[in-house]
Amino acid sequence: VQLVESGGGSVQPGGSLSLSCAVSGLSFDDVCIGWFRQAPGKEREGVSWIIDADGQTDYADSVKGRFTISSDNAKNTVYLQMSNLKPEDTAVYYCAAVVLGGSWYGVVTEESEYDYWGQGTQVTVSS
């Protein structure tokens, strides 16, 4: 199993970035993919989550209305479109996957439930 993030970079406040998470070795039919981030000196926190099989998504309150998560089953890729970025969005962004085992009620937001992680991509928002 491999998750590879891409698309990070530097942007001014108010700008936009799009992150991608390419997943290999897992079927999108039975996984939840989450985006997490860790800012310097802070604990890692959940940002957004998606279950491609039924289209369920969720967002942390801090990014609602600014970030959009989506997935492309044919490409086994999850995207995080980030707009109206703020300096406090500066962090290393990680995507992670958890196998749902055939049944679920909703997205998995608990970080400790995730089995597979990418290496992370840096997002810096600064003027």
Side-chain angles (χ1 to χ4, degrees):
V1 177
Q2 190 174 22
L3 287 80
V4 180
E5 303 98 335
S6 60
S10 296
V11 64
Q12 293 185 341
S16 299
L17 279 175
S18 182
L19 305 182
S20 298
C21 173
V23 181
S24 59
L26 290 175
S27 168
F28 261 32
D29 294 336
D30 194 31
V31 295
C32 180
I33 304 295
W35 284 99
F36 297 82
R37 67 186 181 185
Q38 188 166 22
K42 295 187 177 181
E43 293 187 352
R44 190 156 54 188
E45 63 176 357
V47 176
S48 185
W49 307 269
I50 188 167
I51 297 175
D52 179 85
D54 63 7
Q56 289 191 67
T57 62
D58 202 3
Y59 300 88
D61 288 343
S62 59
V63 306
K64 278 181 181 176
R66 301 189 298 120
F67 290 12
T68 302
I69 192 169
S70 62
S71 61
D72 185 334
N73 187 294
K75 296 182 179 180
N76 260 38
T77 300
V78 172
Y79 305 95
L80 185 68
Q81 177 65 43
M82 306 183 293
S83 60
N84 191 20
L85 283 161
K86 304 176 181 181
E88 51 264 42
D89 294 316
T90 295
V92 177
Y93 283 70
Y94 300 89
C95 64
V98 55
V99 177
L100 299 173
S103 65
W104 59 88
Y105 296 103
V107 298
V108 179
T109 60
E110 177 56 50
E111 177 182 337
S112 63
E113 298 290 334
Y114 282 77
D115 303 306
Y116 308 101
W117 291 82
Q119 81 288 350
T121 186
Q122 177 71 46
V123 171
T124 302
V125 185
S126 174
S127 56

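Start at 1 with the first residue, then count along the sequence.
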Checklist outcome for this item: d(Arg66 CZ, Met82 CE) to nearest 0.5 Å is 9.5 Å
Checklist entry - If Ile, Leu, Val, Met, Phe, Trp and Tyr residues are connected whenever their side-chain heavy atoms lie under 4.5 Å apart, and connections chain through other members, are Tyr79 and Ile50 in the same group? => result no
Next on the checklist: Enumerate the side-chain hydrogen bond (donor to acceptor under 3.5 Å, both in side chains) contacts for residues 98-108, please, sequence neighbours excluded, ordered by first and then second residue.
Outcome noted: Asp54-Trp104
Next on the checklist: Let me check something: do Val107 and Val78 share a hydrophobic cluster, defined by ILVMFWY side-chain heavy atoms less than 4.5 Å apart, either directly or through other members?
Outcome noted: no
Next on the checklist: Side-chain heavy atoms nearer than 4.5 Å, only ILVMFWY residues, links allowed to pass through others: does that put Tyr59 and Leu19 together?
Outcome noted: yes
Checklist outcome for this item: Residue pairs meeting salt bridge (Lys or Arg N to Asp or Glu O under 4.0 Å), one or both in residues 38-50, sequence neighbours left out, come to Arg37-Glu45, Arg44-Glu111
Next on the checklist: Applying salt bridge (Lys or Arg N to Asp or Glu O under 4.0 Å), can you list everything that pairs with Asp61, at least two apart in sequence or on another chain?
Outcome noted: Lys64
Checklist entry - Distance-only, no hydrogens or angles: does the Gln56 side chain make a donor-acceptor pair with backbone N or O of Ile51 under 3.5 Å? => result no
Show me the donor-acceptor pairs within less than 3.5 Å that the side chains of residues 25-33 make with the rest of the protein, sequence neighbours left out.
| residue | atom | partner | partner atom | Å |
| --- | --- | --- | --- | --- |
| Ser27 | OG | Asp29 | N | 3.1 |
| Asp30 | OD1 | Gly101 | N | 3.3 |
| Asp30 | OD1 | Gly102 | N | 2.8 |
| Asp30 | OD2 | Gly101 | N | 3.2 |
| Asp30 | OD2 | Gly102 | N | 3.4 |

Checklist outcome for this item: To the nearest 0.5 Å, atom OG of Ser126 lies from atom CG of Asp89 at 12.5 Å
Checklist entry - Would you say Asn76's side chain and Ser24's backbone share a donor-acceptor pair under 3.5 angstrom? => result no
Item to check | Sole candidate of Val125, Val123, Val11 that passes side chain to side chain contact (heavy atoms under 4.5 Å, CB included) when paired with Thr90 | outcome: Val125
Item to check | For Val4, the rest of its hydrophobic cluster, which grows through side-chain links under 4.5 angstrom | outcome: none
Next on the checklist: Please determine whether residues Tyr116 and Val47 belong to a single hydrophobic cluster, defined as Ile, Leu, Val, Met, Phe, Trp and Tyr linked transitively by side-chain heavy-atom distances below 4.5 Å.
Outcome noted: yes
Item to check | Nearest-0.5 Å distance, CD of residue Gln81 to OG of residue Ser20 | outcome: 9.5 Å
Checklist entry - Angle class for the Tyr93/Phe67 ring planes (parallel below 30°, perpendicular above 60°, tilted otherwise)? => result tilted
Item to check | Minimum heavy-atom distance Ser127-Pro13, with the two atoms named | outcome: N-CD, 3.7 Å
Checklist entry - Pick from Leu85, Thr124, Leu80: which one makes a side chain to side chain contact (heavy atoms under 4.5 Å, CB included) with Leu17? => result Leu85
Item to check | Straight-line distance of Ile69 CD1 to Cys95 SG, nearest 0.5 Å | outcome: 9.5 Å
Next on the checklist: Please tell me whether Val92 and Trp117 are part of a single hydrophobic cluster in this structure, the criterion being side-chain heavy atoms less than 4.5 Å apart.
Outcome noted: yes
Checklist outcome for this item: Across all chains, not counting sequence neighbours, the ring pair (Phe, Tyr, Trp, His ring centres under 6.0 Å) partners of Tyr114 are Phe36
Next on the checklist: Distance check, rounded to the nearest 0.5 Å: Ser16 atom OG versus Asn84 atom CG?
Outcome noted: 8.0 Å
Item to check | Interatomic distance, Thr57 atom OG1 to Asp52 atom CG [nearest 0.5 angstrom] | outcome: 11.5 Å
